[in-house]
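These notes are about the structure you will find just below.
Nothing fancy with the numbering, it's 1 onward along the sequence. No experiment lies behind these values; they were computed from the predicted model shown.
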Amino acid sequence: MKKIFFCVILTCVSLFSLYSQSLPVAPYLPAQTSRSAKEAPITLQYPYEKMTAPTGAKNMYVFGRINLPELDQTQLDINGQAVPLYKNGTFIAYLPVEQGDFSFVLTATTPTETFQAVRHITVPGKPLDQFAGKARFDEAETYPSRPLWVLPGDMINLITRGTPGAQVTADLPSLKGGKQIALREDTRNPGTYRAKFVVSDKEKPRSSKIVYQMYDPHTDTRTKITARQRVKILDKQEPLQAAKVTSPNSKMRQIAVHQGSLYPFYRAFGEVLIDGRDNGLYRLRLGNGESAWLEEKKLSFTSSFEPNTIEEIDTLALPDKTQIRWTQSQPVSISIQEFNNRMEVVFYYTQVFEENFNIDSTSPLLDHVEWETLPDNIIKFILYFKEGATPWGHAYQYEKNNFLVELNHQPTLTSADKQPLTGARILLDAGHSPKRTPPYDGLVSPSGVLEYEANLALTEVLKKKLEAAGATVIMTRQGDNQMSLTARYRKALKEQAHIFVSLHHNALPETVNPLAVPRGYSIYYTYPHSFKLAQSVYQSFTKNIPLADNGLIANDILFIPRISEMPSILIENAYMILPEQEALVMSDEGRELFAQTIYEGILDFYGVAPKKPAAANKKKSAKASVQKTAAKKKKN
């Protein structure tokens, strides 16, 4: 009976697959060059055709547009799930997917006709139904698959995947306490099993294989699998391997992952010491209980290691900046963090400071310097600012062996009554660049508008307002020019911009539910010297924009806010993947509202009150439109 039922399921799946293959592929941006494609009954902008979703995805969002008359009488379902339509026919839905080749079948029904289209994607990994029938492991998702080095006392995260509802244990036969370690199934990800194993702090240097065993009580079957890589236990007394950073100024990570989990304000230079390895990254022992992870490709082993010596520190006050220079024997990893009243610079792998000072007392910023020696060859310097003085920005670099920090002074304006921003040099960055084939540079909206287009349109309206107030506006993009992030940064320095404002519209990772919480605007900054600009713009948004407040966010991941030489912010104006917000962003009224809001925020940053009242009436009009749309959707 079980075999018959299983065969019926497989037959149904096969028939559905064949049926979906016979349907037309829903047009999306690259295919919409002809009028017939643009006016196709169903367009699906995301995901694009034959896209590969994130490994192990369980759900993802889809969005597009229905191009039919009488939309109020049109119903849409995707894979059998009803999806509401916005008044212009756009839609977004968050739907379940399965691993392997997968199809979204879209069906639009009017009182007289039915239209269908399909989108094909691939979700990497084996579907769970491939593990049915007996105990099986997924070799591709059994840890570790890359070299693993640990110290005595370290924790190992044991992970494997296979038949759901089974009993799974692990053995590390060469290690103390490494027998019959029970793994628990992840309730959010059936078929995934996890456990934590702490290596004895008395373990001797050795290596061990990791063997996983499974018993499936539903089929009374057993199996086992040996992980592709062994775990290597390093010598607790002499665990360190010397290496050289081959990509200077690399950001370090808090855990062994290749995306996210970055250490704020830490950068790798020179020679380092390694005491662990996992997932293609090495663990750096910084000292004093601190460690960080860096990608293997950014390091090369060396046979020797010598700690750094700082010979002297001297400062120099220039008209536009104050310089602080450390003369030392070699480059080393650093952390550099700015606070409201000081800057802290930490040198790792540094044994000696010879206590030679040469301080220029004429600096309008720097008051005095203090230093302290920390355990494990770490020396920290604290640069105190003068009371009431803060840097406009800062920069740092190695000049061969010597480390240089520059604290930028505030530029002066020559403002006039009618043009209060005269003398201000404002760089406006329309985020992303033209790329009309997937994967796009930036997001695409449900109706097929690319983010770079919306960003540039908004930037051009804002540019006119700032120029009318006397500012010199520097544009990173005009027309369809391409520009990398590094090129935008270099342009800001070359043109001596005073502030950097980057305009964007938001999306989400495809596996995050866009409908789970209210979404709207957010303002990003990194350094204290950027906070006032970010706060001024943010407060203008809270007064004027009728969308959810997603926050004023301190961030050390995004590139633009990390530009340290000047106040730099990144504005996510709205979520263009949401139909209502796309409509607001693309309307003339909405674009004027966002531009006026940012303009008023910049005026406030410079201490200028806007001549016109804040965009309250426009906010009221836009808010009424949003509420009317929401009421209509609720009624439907």
Side-chain angles (χ1 to χ4, degrees), residues 52-59 97-100 123-132 134-200 203 206-218 221-234 253-261 276-283 291 293 295-296 509 511:
T52 299
T55 299
K58 301 293 188 297
N59 297 273
V97 296
E98 296 178 359
Q99 290 178 310
V123 182
K126 294 180 180 179
L128 280 179
D129 59 18
Q130 291 191 16
F131 301 100
K134 67 176 184 179
R136 291 184 174 92
F137 280 108
D138 185 347
E139 182 181 3
E141 296 191 39
T142 296
Y143 175 87
S145 60
R146 295 183 176 183
L148 175 63
W149 301 353
V150 298
L151 287 171
D154 278 347
M155 180 183 292
I156 300 174
N157 292 305
L158 301 170
I159 306 171
T160 189
R161 181 173 182 264
T163 304
Q167 299 167 12
V168 178
T169 60
D171 285 344
L172 291 78
S174 302
L175 303 186
K176 297 175 183 178
K179 299 288 181 65
Q180 292 294 297
I181 304 163
L183 281 72
R184 298 183 62 179
E185 188 169 9
D186 188 335
T187 56
R188 295 174 299 176
N189 296 288
T192 298
Y193 299 86
R194 305 175 187 274
K196 297 181 183 296
F197 173 72
V198 178
V199 180
S200 170
E203 195 68 68
R206 65 184 70 201
S207 70
S208 177
K209 62 184 178 180
I210 302 178
V211 182
Y212 296 90
Q213 298 95 15
M214 175 185 290
Y215 170 66
D216 180 13
H218 305 290
T221 55
R222 299 177 184 272
T223 188
K224 65 180 181 179
I225 188 173
T226 300
R228 282 184 281 178
Q229 294 286 342
R230 298 171 68 90
V231 56
K232 178 181 178 182
I233 311 300
L234 301 178
R253 303 185 187 277
Q254 300 178 50
I255 57 177
V257 294
H258 290 267
Q259 296 290 333
S261 294
R277 186 182 188 185
D278 190 11
N279 193 31
L281 296 91
Y282 287 114
R283 183 172 61 191
S291 62
W293 294 86
E295 293 83 350
E296 291 179 5
T511 57

Are [X] and [Y] packed together at the side-chain level, in the sense that at least one heavy-atom pair is separated by less than 4.5 angstrom?
X	Y	result
Val199	Ile233	yes
Tyr282	Trp149	yes
Thr226	Phe137	no
Asp154	Arg283	yes
Arg228	Pro144	no

Are Lys179 and Asp171 close enough, and set up right, to give a salt bridge (charged side-chain N to carboxylate O under 4.0 Å, His left out), and what steps lead you there?
CA-CA 5 Å; Lys179 299 288 181 65; Asp171 285 344; over 6 Å; no
Heavy-atom closest pair, residues [X] and [Y]:
X	Y	value
Val168	Met214	CG2-CE, 4.0 Å
Leu234	Pro152	O-CD, 3.5 Å
Pro124	Ala53	CD-O, 2.9 Å
Leu128	Gly162	CD2-O, 4.1 Å
Ala135	Asp216	CB-CB, 3.9 Å
Met155	Val198	CE-CG2, 4.1 Å

Evaluate whether atom CD of Glu98 has more than 12 neighbouring non-hydrogen atoms of other residues, nucleotides or ligands under 6.0 angstrom away.
no
Tell me if the NZ atom of Lys58 is crowded by more than 12 foreign heavy atoms within 6.0 Å.
yes
Could you measure the distance from the [atom1] atom of [X] to the [atom2] atom of [Y]? Nearest 0.5 Å is fine.
X	Y	atom1	atom2	answer
Gln229	Arg146	CD	CZ	10.0 Å
Leu172	Phe197	CG	CZ	5.5 Å
Arg222	Tyr215	CZ	OH	6.0 Å
Gln130	Thr163	CD	OG1	11.0 Å

Begin from the C-alpha positions of Gln99 and Val123 and carry the test side-chain contact (heavy atoms from CB on, under 4.5 Å) through to its verdict.
CA-CA 5 Å; Gln99 290 178 310; Val123 182; 3.8 Å; yes
Quick one: does any side-chain atom of [X] pair with a main-chain N or O of [Y] as donor and acceptor, under 3.5 Å?
X	Y	answer
Thr142	Asp138	yes
Gln213	Thr223	no
Thr160	Tyr193	no
Glu203	Lys176	yes
His258	Asn279	yes

Give the intermediate values and the outcome of side-chain contact (heavy atoms from CB on, under 4.5 Å) for residues Leu158 and Ile156.
CA-CA 6 Å; Leu158 301 170; Ile156 300 174; 3.9 Å; yes
So does [X] pair up with [Y], basic N to acidic O under 4.0 Å?
X	Y	result
Arg253	Glu295	yes
Glu296	Arg277	yes
Asp186	Arg161	no

Give the C-alpha distance, both sets of side-chain angles, the deciding distance and a yes or no for side-chain contact (heavy atoms from CB on, under 4.5 Å) between Thr169 and Tyr212.
CA-CA 6 Å; Thr169 60; Tyr212 296 90; over 6 Å; no
Please determine whether side-chain contact (heavy atoms from CB on, under 4.5 Å) holds for the pair Val150 and Val231, giving the CA-CA distance in whole Å, both sets of side-chain angles, and the decisive distance to 0.1 Å.
CA-CA 7 Å; Val150 298; Val231 56; 3.9 Å; yes
Quiz question: by atom type and distance under 3.5 Å, do the side chains of Ser207 and Arg230 form a donor-acceptor pair?
yes
